[in-house]
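Just so you know, ligand 1 is whichever comes first in the structure, and atom 1 is the first atom listed for that ligand.
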Amino acid sequence: MGRFLLVVVLPLLLILLAFANSRASAFPRAKKLQMRDKVRKMFYHAYDNYMAYAFPHDELKPLTKNFTDSLSELGNLNLEYLPQNYNGSALSLIESLSSLLVLGNFTEFERGVMWLSENLTFDVDARVNLFECNIRVLGGLISAHILASENKNWFSNSSYNDRLLHLAQDLGQRFLPAFETPTGLPYAWINLKHGVMENETTETSTSGCGSLILEMGALSRLTGDSRFEGAALRALRKLWNMRSSLDLLGTTLNVLTGEWIEYSSGIGAGVDSFYEYLLKAHILFGSDEYWDMFHSAYLAVQKYFRHGPWYHEADMRSGKATYWQLTSLQAFWPGLQTLVGDVAAANLSHREFFYVWKKYGVLPERYLLEHATLHPTEKYYPLRPELAESTYYLYQATKDPWYLEVGESIVTSLNSHTKVDGGFASVRDVSTMQLEDHQHSFFLSETCKYLYLLYDDSFLAGRNFVFTTEGHPLPVRSLWHERLPEAYITSNGTSFKTNRRSPLSSQVCPETIRGAKVESACHVPDLRVNHRCTSDAECGIDSSSCRKRTCSIAGYCGLWRFIH
Ligand code: DMJ
C-alpha cells in the first residue's frame, strides 16, 4: 500500500499540482495595483482609527471606538497589576512602524519614531507577557531602529538619535530577571518595574522560551551587550535538550524544574514560532547550531505530525496522534516550508488552510479534522495573519498568480466580514460572523503587511530581510554572521576555499554576481524565476542562508540536500 501511494498516487498528485500551478491565470498588472491600493486603504482604515480613538493606549476597540491597554492584558488578564494612570505603550504604533515603510509613508514613520523617542517609557508597574512583549515591542523597536538608522535621510525635520535602540536596551534589561531560574528557562510573565512577582506562575510554553533569539540576538549585536543573546540562547539550548528521543517537544513546561507539563504538541499554539525561530536564527546569525536543531525538528514534524496535507498533534514520548485539529496558527507553516525550499509540501498544506478559510469565510481558531466541523468553543477569528503570510511566501517563491487570487479572496473576506466604521473587528464566531470589539496590533504589523507585499514588494528590492514572527523586518547582515563552512562559498559555480568570514560578507562575493541583482553577496539565482528545475545544476545559491540549492523530487529548487 505504502509503495502504491509512493509510486502511483504521489506522482499523480504532483502532476495535478504542477497543472494547477501552471494554469494560466488572469491577474494583470492593473489588477495587482488595484489590489495594492485596496490593502493600503485597509491599513489606513485600521491605523487612522487607532490613532484617532486609542493612541497612545495599546490597541483599538473598533466597535465602541475605544482603547485597551492590551500589552498588560495579553494572555491572562491581570488587571490588579495595571496602575491607575497607565497610559499604554502605544503598542499599535510600534507595531505599525515597519508597515508604514513597506507602504512608503516615510513622513508618518518619522512622526511615529519621534513620538516614541520622546514619550515611551518602560518604567511602569505593569505585568507583561515576556513572549508577547518581546515579539511585539522589542522586535518592533529594533526593526524600526535599524530601518531609521540605515536611512537617516528620511528624516526631514529632525534627526534620528538612536533613541529606539536605547528604549529597546532598557526593555531588554527589564527582561533579564525572568531568565534567573535554575534552568535558564524564563518565566512567562514579568513586571516591567519590579521584575518577577512573588508567587509568579512557573508554567510557560515552548514558544515562550524558544522564540526570543531573533530579537534578543539582534539587540546584543546592536548594543555589544551579549547578555540578551546569551540568555535567549541558553534557554533555547535547554529547551532543545528537553526533546524526546523522537526529537519532539511538548507544549508547556515548568521553568523551575525543566519538566514537561503538556506532552502533546503540534505546530500550532504554544509551539509554532519555536520552529520558525530555529530556521530564521540560522538565516540571521549563520550559525549551524540553529540549522542542526531546525533540521532534526523539521524532520520530526513531518514524520509524526503530518497526515497528507494536514498536521495533527502527537505525544512527544510515543509519537502517537493525540488531537486531530487544524488551528489557525498552524497556517504559518507553509510559509516556513517555502523559506526552507519545501515548496511542493507548502503548496499542498496551504491549499487545505485556504479550503477551510473559504468554507467559513475566514479561518476559525480550531477545526476538527475528523468531523470536518468547527470546534465547539474556539470559533473565533481574531484577524490573524498566518494564511496571508504563507500566501505571500508562496507567491514570492513561485510567482504563481493563483496566490494573488488567494490574497484577493482574503482581502474581500476581511472587508466584507470584519470592516466596521471604527476599524477592523475580530470575529467572535465564524458561523454567525458576530464581531468582537478588538483590533489586534498584529493586524497592522502582519496581516496588512503581508497582503500589501503580495501585490507590491518594492520595499524588498535589493535587500534581504528576515521577518520576525510578528512581521518586523530584520536585515540579514554579513557582520552578524558567524563563519560558515567553506563548502558553501562558490565562485562561478566552483567551490573555493577561503578563510574569510561569512560568504554574506560583501567583501567575498560581489564580483561573482556582477550584473545580477544583489540580494545578498552570495546569491546565485535559480535558472528559472519560478524556481522549477529538472536537475541540481539549474539551482543557485540560497540568498539568505548561502547554501547550495538542489532540485527536489517535485521539481523545485530549494535546500533539499538537507531535507531527506
Ligand atoms: C502573532 O502575534 C505572531 O505571529 C505570533 O507568533 C503568533 N500569532 C500572532 C498572530 O496570530
- prompt: Does any pair with a residue in residues 420-439 pass salt bridge (charged side-chain N to carboxylate O under 4.0 Å, His left out), and if so which ones, sequence neighbours excluded?
  reply: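 Every pair satisfying salt bridge (charged side-chain N to carboxylate O under 4.0 Å, His left out) with a residue in residues 420-439: Lys65-Asp421.
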Pairs touching residues 353-368 that satisfy salt bridge (charged side-chain N to carboxylate O under 4.0 Å, His left out), sequence neighbours left out: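 Applying salt bridge (charged side-chain N to carboxylate O under 4.0 Å, His left out) to every pair that reaches into residues 353-368, excluding sequence neighbours, yields Glu365-Arg384, Arg366-Glu378.
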query: Between Tyr298 and Gln337, does any side-chain donor sit less than 3.5 Å from a side-chain acceptor?
result: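 Side-chain D/A pair, Tyr298 to Gln337: present.
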message: At less than 4.0 angstrom from any atom of ligand 1, which residues have a non-hydrogen atom? List them by chain and residue number.
response: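 Around ligand 1, where the cutoff is 4.0 Å for heavy atoms, the contacting residues are Ile135, Arg136, Leu329, Arg384, Pro385, Glu386, Phe442, Glu446, Thr469, Glu470.
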query: With Ser416, which residues qualify under side-chain hydrogen bond (donor to acceptor under 3.5 Å, both in side chains), at least two apart?
result: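 Applying side-chain hydrogen bond (donor to acceptor under 3.5 Å, both in side chains) to Ser416 gives none.
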- request: Taking only Lys NZ, Arg NE, NH1 and NH2, and the carboxylate oxygens of Asp or Glu, determine whether Glu408 and Lys38 approach each other closer than 4.0 Å.
  value: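 Between Lys38 and Glu408 there is no salt bridge, as every charged N stays at least 4.0 Å from the carboxylate O atoms.
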task: Could you tell me whether Tyr323 atom OH has more than 12 heavy atoms of other residues or ligands within 6.0 Å of it?
output: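 No, OH of Tyr323 has 12 or fewer neighbouring heavy atoms, counting only those of other groups under 6.0 Å.
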